[in-house]
Trainee: 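Have a look at this one.
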Amino acid sequence: KMKFIIGIGGVTNGGKTTLTNRLLKTLPNCCVVHQDDFFKKPDQIEVGEDGFRQWDVITALDMEAMINTVKGWQENPVKFARSHGVSLSPEAEEAGSGEKGIHILIVEGFLIYNYKPLIDVYDKCFYISIPYEECKRRRSTRTYTVPDPAGLFDGHVWPMYLKHRKEMADNCNSIEYLDGMTSKEEIYNKVYETINNSLLNSL
């Protein structure tokens with residue numbers, strides 16, 4: 001049974017979810033773990049020296065729960081897929097325990113390369129970046145459950161992004177960087193091709 005874990009990281013509003021959703025439709029037996037699902041409750045998020053609630057740091061997330069979810073997939077991708085409503089290919093289904101076929105997990109989020117225990121699980125790492133102006137523009141057009149207070153982007157989001165990006169580059173040297181300014185189509189094609197080549201090479 002082959003298991004393959006892909007990391008799709010990137011700056012806020014860089015296009016991670018768009019890319020992930022497209023890959024989910026086209027890759028076989030593919031499940032996803034979204035880092036955003038592991039945010040702690042607003043009242044558990046501390047206020048930093050910058051005066052803002054610290055949403056854009058690793059402690060805002062329950063990373064232990066996240067890594068346990070990934071481990072759950074590693075232990076039994078078939079069971080995981082079923083419990084997440086993912087339809088499996090006949091080969092994977094037939095095998096029952098999934099002995100045949102390939103199982104793919106996408107781990108998607110903005111800090112997926114900043115947590116040591118998680119870095120070790122990836123077979124392939126991608127990271128989408130966009131420049132400051134574009135990121136700020138996209139962020140301002142989005143509606144969040146907890147709306148951004150004034151000045152959050154410049155005061156907290158972007159400085160944290162720069163800090164984490166540096167940290168991430170030090171942690172993980174196998175990241176393939178993607179230019180979020182190129183078309184969604186181009187980004188998808190590049191990633192899809194890279195993943196397919198990796199899968200073929202590891203068969």
Trainee: For the residue pair Ile58 and Met63, establish whether any side-chain heavy-atom pair is separated by less than 4.5 Å.
Mentor: yes
Trainee: Can you tell me how far the CD atom of Glu193 sits from the OG atom of Ser198, to the nearest 0.5 Å?
Mentor: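 Result: 10.5 Å between the selected atoms.
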Trainee: At their closest point, which heavy atom of Ile130 faces which heavy atom of Gly14, and how far apart are they?
Mentor: CD1-CA, 4.0 Å
Trainee: Is the count of non-hydrogen atoms from other residues, nucleotides or ligands lying under 6.0 Å from Lys40 atom NZ greater than 12?
Mentor: yes
Trainee: Measuring only between side-chain heavy atoms, which start at C-beta, is Cys125 closer than 4.5 Å to Glu176?
Mentor: no
Trainee: Checking side-chain polar atoms at under 3.5 Å, does Arg138 have a donor or acceptor matched by the opposite partner on Thr12?
Mentor: no
Trainee: Counting distance only, does the side-chain N/O of His84 pair as donor-acceptor with the main-chain N or O of Cys31 below 3.5 Å?
Mentor: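 It does not hold such a pair.
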Trainee: Answer with yes or no after comparing the ring centroid distance for Tyr132 and Tyr161 against a 6.0 Å cut-off, counting only values under it.
Mentor: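 No - the distance between ring centres of Tyr132 and Tyr161 does not fall below the 6.0 Å cut-off.
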Trainee: Between Glu108 and Gln35, is any pair of side-chain heavy atoms under 4.5 Å apart?
Mentor: no
Trainee: Looking at Asn173, I want to see if its CG is surrounded by more than 12 non-hydrogen atoms of other residues, nucleotides or ligands under 6.0 Å.
Mentor: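 It does not: Asn173 CG has 12 such atoms or fewer within range.
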Trainee: Within this structure, what is the CZ-SG distance for the pair Phe4 and Cys30, rounded to the nearest 0.5 Å?
Mentor: 11.0 Å
Trainee: Determine whether Tyr122 and Val107 make a side-chain contact, defined as any pair of heavy atoms from C-beta on separated by less than 4.5 Å.
Mentor: yes
Trainee: Restricting to non-hydrogen atoms, name the atom on Arg53 and the atom on Val47 that form the minimum distance, rounded to 0.1 Å.
Mentor: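 Minimum heavy-atom separation between Arg53 and Val47: CG-CG2, 4.0 Å.
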Trainee: Check whether Val32 and Leu27 end up in the same hydrophobic cluster, where Ile, Leu, Val, Met, Phe, Trp and Tyr are linked by side-chain heavy atoms less than 4.5 Å apart.
Mentor: yes
Trainee: Kindly indicate, with the supporting measurements, whether the criterion side-chain contact (heavy atoms from CB on, under 4.5 Å) is fulfilled by Asn171 and Tyr115.
Mentor: CA-CA 9 Å; Asn171 284 347; Tyr115 185 70; over 6 Å; no
Trainee: Taking Lys16 for the side chain and Val11 for the main chain, is one N or O donor matched with an acceptor at less than 3.5 Å?
Mentor: yes
Trainee: Mind checking the CD-CD1 spacing from Gln74 to Ile67? Nearest 0.5 Å is all I need.
Mentor: 7.5 Å
Trainee: Do you know the tightest heavy-atom contact between Ile112 and Gly9?
Mentor: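 That would be CD1-N, 3.5 Å.
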Trainee: Does atom CD of Glu167 have more than 12 heavy-atom neighbours, drawn from other residues, nucleotides or ligands, at distances under 6.0 Å?
Mentor: yes
Trainee: Under the side-chain contact (heavy atoms from CB on, under 4.5 Å) criterion, do Leu88 and His103 qualify, and how do the steps go?
Mentor: CA-CA 9 Å; Leu88 296 168; His103 289 273; 3.9 Å; yes
Trainee: List the atom of Tyr113, the atom of Gly7, and the distance in Å for their closest heavy-atom pair.
Mentor: OH-O, 2.9 Å
Trainee: In terms of hydrophobic clustering (I, L, V, M, F, W, Y; side-chain heavy atoms under 4.5 Å; direct or indirect links), are Phe110 and Met160 co-clustered?
Mentor: no
Trainee: Let me see the working for Val86 and Phe80 under side-chain contact (heavy atoms from CB on, under 4.5 Å), right down to the final yes or no.
Mentor: CA-CA 8 Å; Val86 172; Phe80 187 98; over 6 Å; no
Trainee: Hey, is CD on Gln44 packed in by over 12 heavy atoms from elsewhere, all under 6.0 Å?
Mentor: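 Above 12, so yes.
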Trainee: Does any non-hydrogen side-chain atom of Arg139 lie less than 4.5 Å from one of Leu152?
Mentor: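 With C-beta onward as the side chain, the pair touches.
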Trainee: So, for Phe52 and Ala150, which heavy atoms are closest and what is the spacing to 0.1 Å?
Mentor: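 Closest approach of Phe52 to Ala150, heavy atoms only: CE2-O, 3.5 Å.
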Trainee: Return the orientation label for the Trp55 and Phe39 ring planes: parallel under 30°, perpendicular over 60°, tilted otherwise.
Mentor: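 Judged by the thresholds at 30° and 60°, the geometry between Trp55 and Phe39 is perpendicular.
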Trainee: Are the side chain of Asp62 and the backbone N or O of Phe38 linked by a donor-acceptor pair below 3.5 Å?
Mentor: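 Side chain of Asp62 to backbone of Phe38: no pair is present.
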Trainee: Within the 4.5 Å heavy-atom criterion, are Thr194 and Asn197 side-chain neighbours or not?
Mentor: no
Trainee: According to a hydrophobic-cluster definition based on side-chain heavy atoms being under 4.5 Å apart (Ile, Leu, Val, Met, Phe, Trp, Tyr only), do Phe153 and Val57 belong together?
Mentor: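 No; Val57 is not reachable from Phe153 via cluster members.
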Trainee: Using a 6.0 Å distance limit plus a 45 degree cone around the ring axis, check whether Arg22 lies over the aromatic ring of Tyr188.
Mentor: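 Positive - Arg22 is close enough to the ring of Tyr188 and near enough to its axis.
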Trainee: Return the CD to CG distance between Glu186 and Asp179, rounded to the nearest 0.5 Å.
Mentor: 8.5 Å
Trainee: Check for me, please, whether Met168 and Ile119 land in the same ILVMFWY cluster - side-chain distances under 4.5 Å, paths through other members count.
Mentor: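 They do not share one cluster, since no chain of ILVMFWY contacts under 4.5 Å joins Met168 to Ile119.
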Trainee: Using side-chain heavy atoms (C-beta onward) and a distance below 4.5 Å, is Ser129 in contact with Arg165?
Mentor: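 Yes - at least one pair of side-chain heavy atoms lies under 4.5 Å apart.
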Trainee: Ion pair present between Glu134 and Arg137, side-chain N to carboxylate O less than 4.0 angstrom?
Mentor: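 Arg137 and Glu134: salt-bridged.
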Trainee: Rounded to the nearest 0.5 Å, what's the gap from CG on Asp56 to NZ on Lys163? Could you check?
Mentor: 11.0 Å
Trainee: Side-chain contact test, heavy atoms from C-beta onward, threshold under 4.5 Å: evaluate it for Asn29 versus Ile104 and give yes or no.
Mentor: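 No - every pair of side-chain heavy atoms lies 4.5 Å or more apart.
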Trainee: Short question: side chain of Lys124, backbone of Ile175 - any donor-acceptor pair under 3.5 Å?
Mentor: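 Answer holds: no.
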Trainee: Taking 4.0 angstrom as the limit, do Lys3 and Asp123 come out as a salt bridge?
Mentor: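 Asp123 and Lys3: not salt-bridged.
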Trainee: Among the clusters formed by ILVMFWY side chains lying less than 4.5 Å apart, do Leu61 and Ile45 turn up in the same one?
Mentor: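 Yes, it is one cluster - the side chains of Leu61 and Ile45 are joined through contacts under 4.5 Å.
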Trainee: Specify the closest pair of heavy atoms between Ile8 and Leu23, including all atoms of both residues, with the distance to one decimal.
Mentor: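 Taking every non-hydrogen atom into account, CD1-CD1, 3.4 Å.
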Trainee: Return the CG to CG distance between Leu19 and Leu178, rounded to the nearest 0.5 Å.
Mentor: 7.0 Å
Trainee: Which is it for Ile6 and Phe126 under the side-chain contact (heavy atoms from CB on, under 4.5 Å) test, yes or no, and what are the steps along the way?
Mentor: CA-CA 8 Å; Ile6 300 157; Phe126 298 98; 3.8 Å; yes
